[in-house]
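Down below is the structure, laid out as structure tokens.
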2 protein chains.
Amino acid sequence: MNPYNAIKNAIIIGEYEPGKRLTEEALAESLQVSRTPIRDAIKQLESDGLIIPFKRRGYIVKEFSIEDIRQIYNLRALLESHGAGEAALNRTKEELQFMHEKNTAYEQAISELKRSDISTIKNIQQANQEFHEEIFKATKNEHLRSHISKVVVVPLIFRSFYWYNERQLLRSLEVHKTILKAIENREPERAKIAMQEHIYQGRDDVLVQMANPKIELSKGEV
Amino acid sequence: MNPYNAIKNAIIIGEYEPGKRLTEEALAESLQVSRTPIRDAIKQLESDGLIIPFKRRGYIVKEFSIEDIRQIYNLRALLESHGAGEAALNRTKEELQFMHEKNTAYEQAISELKRSDISTIKNIQQANQEFHEEIFKATKNEHLRSHISKVVVVPLIFRSFYWYNERQLLRSLEVHKTILKAIENREPERAKIAMQEHIYQGRDDVLVQMANPKIELSKGEV
DNA sequence: TTTTAATTTATTGTATACAATAAAAAACGC
DNA sequence: GCGTTTTTTATTGTATACAATAAATTAAAA
């Protein structure tokens, strides 16, 4: 794994906690490479908004406020719902087929859910992401895709902490089907609104968890 | 000027034309710095979508197709119109005042327009940009702002080639006033739609120019 | 004591040399 | 001559040493 993904991953799984201070030298030591590739990685992570410079004394892992999360999810809703609408207009038959396959895989992953099984949760997350990506491919809009990919990183952090319960997952699966059907029927407005609602659901699930630390779930637990 | 802005500027003003090949060494030589800061700049420019790697033999300045331009402007419309709506909800009295001032400066810059005067054109462009930025400050949404700032770079290239005629500029000024009034009256939907229309106008002006190279204007001419 | 100045230190910024490698050119076999 | 292998070359990737500088610490002055 390259330094960028290694560090990003450490942030996402919570190994580097919010507020943790990072320096080029320490990262270079820890990943056994020189400072040069670490600097490249740091620049990218900074542009992703995952770390911020800390008064010329390294960087700190960004601590996201509730308002940050709200704003990022709203942006996601804006961009992904737009993408779903475009996909409904531009999808080919083949792309539609791929979407169905990805969503079947998602359904499969959910049905394999076992309590507190981290690997299963990762599978669900992965399958979900692949379904969404299949939609954005069908837009044929690389510019839109690159913006979406940026706005999707931060939610990953929070999803890996507070994961969904089965009821939420099944609801999510239903919405996927609604989106798919709208894309199949070439109904952009319907696809757009369904996607918007889908993202807002995810947002609110995360916000509820953040606002009630009492019932916060430990890492990976369901 | 730092290497990033120097290179970006050279691309925007057309000194580095689309398709031109750039290598780290040549840029380092030309800007009289070492390869290290050039590499930083290149990484950023690549993430901006202004240059793309050219089979491990340097980079080339991206050539934007009509479809690229359409997609980028549509994205801009999506993000900036959302921003205008948010600004209508969240603006303070002071921020509204600033917007008025920036738009007055814009009006002033237009009234000073002289035929083929490049410095005046730069002033107009600058004043226009500052008006838009004032709106996005008022959203208090840093995440939205960072996305908008990214999607605004490419249009700069095309605006500096095909600049508007006076009729277009005056129409643009009128729309600014409509947006301002909607933000003043806290009408998010109105602000959003006016902004959307504003961006689409800009898009179509550029697309018309691109589709009719016969009447293409030379650099900076009005 | 508290403020100000001087010194030290931690850390990023920059230059530069060398390594890795993909692309281009040249040599080779048929 | 045409496809294949080998060699050369252009260019980025990486390591490392040194420079610049902001922050922290210490010393001095008031």
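Predicted model only: the values in this text are computed from it and were never measured. Order of the sequence lines sets the chain letters (A, B, ...), proteins ahead of strands, with each chain counted from 1.
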What is the distance from CZ of B/F54 to C1' of C/dA23, rounded to the nearest Å?
10 Å

For DNA chain C, what residues of residues 37-53 of chain B have any heavy atom nearer than 4.0 Å?
B/P37

A/K62: which residues meet the salt bridge (charged side-chain N to carboxylate O under 4.0 Å, His left out) condition with it, sequence neighbours left out?
A/D68

Per the ring-ring contact (aromatic ring centres under 6.0 Å, His included) rule, what does the pair list look like for residues 123-147 of chain B, sequence neighbours excluded?
A/H147-B/H147, B/F131-B/H176, B/H132-B/H176, B/H132-B/H198

Side chain to side chain contact (heavy atoms under 4.5 Å, CB included) partners of B/Q108, counting only residues at least two apart:
B/S111, B/E112

Polar atoms only, N or O, under 3.5 Å: list the protein pairs with nucleotides 19-23 of chain D and their distances.
{"unit_1": "D/dA23", "atom_1": "O4'", "unit_2": "A/R57", "atom_2": "NH1", "d": "3.3"}

Passing candidate, side-chain hydrogen bond (donor to acceptor under 3.5 Å, both in side chains) with A/Q97, options A/E94, A/H100, A/E101
A/E101

Between C/dT14 (P) and B/E24 (CD): distance, integer Å:
15 Å

Does A/E86 have any salt bridge (charged side-chain N to carboxylate O under 4.0 Å, His left out) partners at least two apart in sequence or in another chain, and if so, which?
none

Sorted by first residue and then second, give each salt bridge (charged side-chain N to carboxylate O under 4.0 Å, His left out) pair with at least one member in residues 136-145 of chain A; sequence neighbours left out.
A/E95-A/K140, A/E134-A/K137, A/E142-A/R145

Strand contacts (DNA chain D) in residues 25-35 of chain A, 4.0 angstrom heavy-atom criterion
A/V33, A/S34, A/R35

Residue pairs, two or more places apart or on separate chains, that pass side chain to side chain donor-acceptor pair (under 3.5 Å) and touch residues 26-38 of chain A
A/E24-A/R35

Who passes side chain to side chain donor-acceptor pair (under 3.5 Å) against B/N74, sequence neighbours left out?
B/R203

Using a 4.0 Å heavy-atom cut-off, does A/T36 contact any base of the nucleic acid, only the sugar-phosphate backbone, or nothing at all?
base

Listed once per pair and sorted, the side chain to side chain donor-acceptor pair (under 3.5 Å) pairs that draw on residues 45-57 of chain A, sequence neighbours left out
A/Y4-A/D48

Residues passing the salt bridge (charged side-chain N to carboxylate O under 4.0 Å, His left out) test with B/E67, sequence neighbours excluded, are B/R70

